[in-house]
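Here is the structure we will look at, set down as structure tokens.
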Amino acid sequence: MRSTPRPGAVSSTVRRGLVAAAVLALGSTAAVATATSASAAVSCKVNYSASEWQGGMSANLTIQNLGDALNGWTLTFSFPNSSQKVSQGWSGNWSQSGSNVTVTAMDWNKSLATGGSTSIGFNGTWSGSNPAPSDFKINGVSCNGTPQSPSPSPSVSPSVSPSASPSPRVSPSASPSPRVSPSASPSPSASPSTSPPPPGTHVDNPYADATGYVNPDWSASAKSEPGGSRVANISTAIWLDRIAAISSGSAGNNSMGLRDHLDEAVRQDEANGSAPLTIQVVIYDLPNRDCSALASNGELKIAQDGLARYKSEYIDVIAGIMADSKYSNLRIVTVIEPDSLPNLITNVSNFQACQEAQSSGAYVQGVQYALNKLHAIKNVYTYVDAAHHAWLGWDNNFQPMVNLFYQVATGTTAGVNSIDGFIVNTANFAALTEPYFNINTTVNGQSVRQSHWVDWNWYVDESSFATGLRNALISKGFPNTIGMLVDTSRNGWGGSARPTKASTSTDVNTFVNESRVDRRIHAGNWCNQSGAGMGERPKANPAAGFDAYVWIKPPGESDGSSSAIDNDEGKGFDRMCDPTYTGNSLNGNNMSGALGGAPVSGHWFSAQFQQLMQNAYPPLS
Ligand code: BGC
């Protein structure tokens, strides 16, 4: 995989999203809920936070139950401004009459234990101003954030409690000190936000508080290498790179099929205690796959009914397995079709296979079909591939890509909600962060954008690219719940060649070349890059807007063979994987920078694995 980028001409400025965050947390004023013997004593708190842009908003509400356990709830509130409208809500049944909004619980979140919480949200519109609502009620009772409690007075006495639900540990004898107050008591509200959602709930970030699935196949390959046990327990993705991989495992050294992996994931989950488990599966078999390169060409061809086969023999089978109820507690992350939609933006005019992918609609329809099937499974998460900064970071590519993502999403059954997020740098080598310069750095009056390396791109690394892309996608109409992933499996760039400070050169090219940690010959080089190292270890919530750093490309698996090798996987020989190749216009006619001696893509490449460990950054301990 990994086609080369095609820099666009520099014209207009990249449109950035206007995202204003407004957070309203209701204050807690003392109040004692009234209760009758017939109904639960209701006490609640609602946190409301919204991102807004001109005319639009996306809001999240967290309902905390501070009273008796609820089995069924209705939330009401009113918008202060009559122009504010809910256009689409989630995790509840939403309706609006005038300014009054009513949300009733879904089956799966109607039970709220004492101290429990649930998150719901909506996308909406407004004009004029967009003030936050504040009159939240659950089952008709105002949510003012106070636990249903014994008494607001410092002398706690169970006799004044309106119900029996406060903790039994609160008793006169246990609280002789006047310092004991309701808030200091072991009340149910002590940490409602830390209670994990029930297993199988579709959460905003599937990586949060979760452990990652360790692929036994990859782990065994890693362990077979000297020093490999240092990384062998890191979570890496499963690649379903052909129909046969669903049942019998993938290419190369891999032996397990999808069910084998999910069964093993259930086993790891159960052995793990209470933390949920996240398993990552790459969906990678579109017809005319890897249309602008050869190394990862696949088995299906558009001209041979490939789209129909993709749907019925590939996606339907995968979705059928993932929907099995025995896997419903797992968080299954899918990475959807690396490189495919980006190829439609940049490579249609030069590559016949991409042209066919576009004119037939096969890529768009294939991705939409996958999204429809996978999003429909509650515990499956969808992340669509968005290439990397040195592919899409130019004006001519960036906004058209955002528009295409939006068009693809709005053509699915659930619209923009069928996508949980986007992933950048899948199987690529671009640095997460360039520590010694950024896009605004100038050298002797010249912008780093003028250097050969940056070449008028608007981004110098994946962190800034993913952030810019997310903002633009939200501006375009995606909800602000979308989160970004970065594949950091091979973008570490440590070792002795890593610069340790900014260059002092006053020549912009020398400055950038001496300062950059990405040591590739050209940022368009993508195959088995010499000098690369393992990058950041997988990590949830690493920065605002990012769901996780992840290892999608399993380190040690080749990107493509360095010379032609016969194989039955449809893989071709791409000269970008040949270390003697002197390049083409797509990589500025530079050397390929590929390591020699590489096997076919997906197969184990020991020498590369060793170098990736050696040059890991952060270094391996
Ligand atoms: C290959 C796949 C392989 C994946 C992960 C891709 O480049 O085409 O066959 O499963 O990399 O190594």
Side-chain angles (χ1 to χ4, degrees), residues 1-3 213 215-218 221 236-262 279-302 306-307 309-319 321-322 332-341 343 353 357 362-363 366-367 369-370 374 382-385 423 426-428 487 489-490 526-528 550-561 565-574 577 598-605:
M1 54 171 290
R2 282 303 97 186
S3 132
Y213 172 67
N215 172 358
D217 277 337
W218 180 80
S221 301
T236 53
I238 313 304
W239 286 64
L240 298 179
D241 63 348
R242 51 199 171 130
I243 291 163
I246 303 170
S247 50
S248 67
S250 189
N253 313 27
N254 299 323
S255 65
M256 295 164 69
L258 180 58
R259 269 196 189 279
D260 302 327
H261 282 298
L262 293 172
I279 176 169
Q280 309 165 115
V281 179
V282 183
I283 304 297
Y284 192 48
D285 203 25
L286 273 178
N288 285 28
R289 188 178 73 195
D290 203 19
C291 64
S292 64
L294 301 169
S296 283
N297 287 169
E299 63 192 347
L300 301 178
K301 301 290 168 223
I302 293 169
L307 181 59
R309 292 191 61 196
Y310 178 75
K311 292 177 179 176
S312 63
E313 295 174 47
Y314 183 73
I315 294 295
D316 287 353
V317 182
I318 293 169
I321 294 171
M322 288 180 175
I332 305 175
V333 162
T334 55
V335 168
I336 313 269
E337 295 295 348
D339 295 356
S340 59
L341 300 176
N343 265 322
Y363 273 14
V367 168
Y369 191 83
L374 297 171
T382 55
Y383 290 84
V384 172
D385 188 74
I423 178 164
T426 304
N428 206 268
D487 184 356
S489 68
R490 307 186 301 178
W526 53 267
C527 194
N528 298 328
V550 290
W551 281 20
I552 299 302
K553 177 75 183 182
E557 293 187 12
S558 171
D559 296 311
S561 58
I565 297 179
D566 239 10
N567 66 87
D568 59 3
E569 300 169 38
K571 308 276 174 63
F573 165 47
D574 197 297
C577 303
V600 159
S601 67
H603 292 232
W604 193 252
F605 185 11

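Keep in mind the model is a prediction, meaning the values are calculated, not measured.
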Checking [X] side chain against [Y] main chain: does a donor-acceptor pair fall under 3.5 Å?
X	Y	answer
Ser247	Gly257	no
Thr236	Ile552	no
Arg490	Pro554	no
Trp218	Pro555	yes
Asn528	Gly560	yes
Asn567	Ile565	yes

Measure across [X] and [Y] and return the closest heavy-atom pair with its distance rounded to 0.1 Å.
X	Y	answer
His261	Ile279	O-CD1, 4.1 Å
Ser561	Gly572	OG-O, 4.4 Å
Trp604	Pro599	O-CG, 3.4 Å
Met322	Leu374	SD-CD2, 3.9 Å
Ala295	Trp526	CB-CH2, 4.0 Å

Tell me, do [X] and [Y] make a side-chain contact under 4.5 Å, heavy atoms counted?
X	Y	answer
Ile336	Val367	yes
Glu337	Tyr284	yes
Glu313	Leu300	no
Ile238	Asn215	yes
Val384	Ile423	no
Ser558	Val600	no
Tyr213	Gln280	no
Ile321	Leu262	yes

How long is the straight-line distance from [atom2] of [Y] back to [atom1] of [X], given to the nearest 0.5 Å?
X	Y	atom1	atom2	answer
Leu307	Leu286	CG	CG	8.0 Å
Asp339	Ser292	CG	OG	7.0 Å
Ser340	Arg289	OG	CZ	11.0 Å
Ile243	Ile315	CD1	CD1	10.0 Å
Lys571	Leu294	NZ	CG	12.5 Å
Asn297	Ser601	CG	OG	9.0 Å

(Q) Quick one, His603 with Glu569, criterion side chain to side chain contact (heavy atoms under 4.5 Å, CB included). Give me CA distance, side-chain angles, the key distance, then yes/no. (A) CA-CA 11 Å; His603 292 232; Glu569 300 169 38; 2.8 Å; yes

Q.
Can you list everything that forms a ring pair (Phe, Tyr, Trp, His ring centres under 6.0 Å) with Tyr363? Sequence neighbours excluded, please.
A. none

**Q.** Residue pair Lys553, Asp559: steps toward the salt bridge (charged side-chain N to carboxylate O under 4.0 Å, His left out) verdict
**A.** CA-CA 9 Å; Lys553 177 75 183 182; Asp559 296 311; 3.5 Å; yes

**Q.** Ile283 and Tyr310: CA distance, side-chain angles, deciding distance, side chain to side chain contact (heavy atoms under 4.5 Å, CB included) verdict
**A.** CA-CA 11 Å; Ile283 304 297; Tyr310 178 75; 3.7 Å; yes

Q) After noting the C-alpha distance and the side-chain angles of Glu299 and Asp241, does the key distance pass the side chain to side chain contact (heavy atoms under 4.5 Å, CB included) rule? A) CA-CA 9 Å; Glu299 63 192 347; Asp241 63 348; over 6 Å; no

Q. Residues two or more places apart in sequence or in another chain: which of them pass salt bridge (charged side-chain N to carboxylate O under 4.0 Å, His left out) with Asp487?
A. none

(Q) Against the six-membered ring of Tyr314, is Arg309 placed for a cation-pi contact (under 6.0 Å from the centre, within 45° of the normal)? (A) no

Q: In sequence, state the C-alpha distance, the side-chain angles, and the governing distance for Leu240 and Asp285, and then conclude on side chain to side chain contact (heavy atoms under 4.5 Å, CB included).
A: CA-CA 7 Å; Leu240 298 179; Asp285 203 25; over 6 Å; no

Q: Please determine, by modelled atom types, if Ser255 and Asp217 share a side-chain donor-acceptor pair under 3.5 angstrom.
A: yes

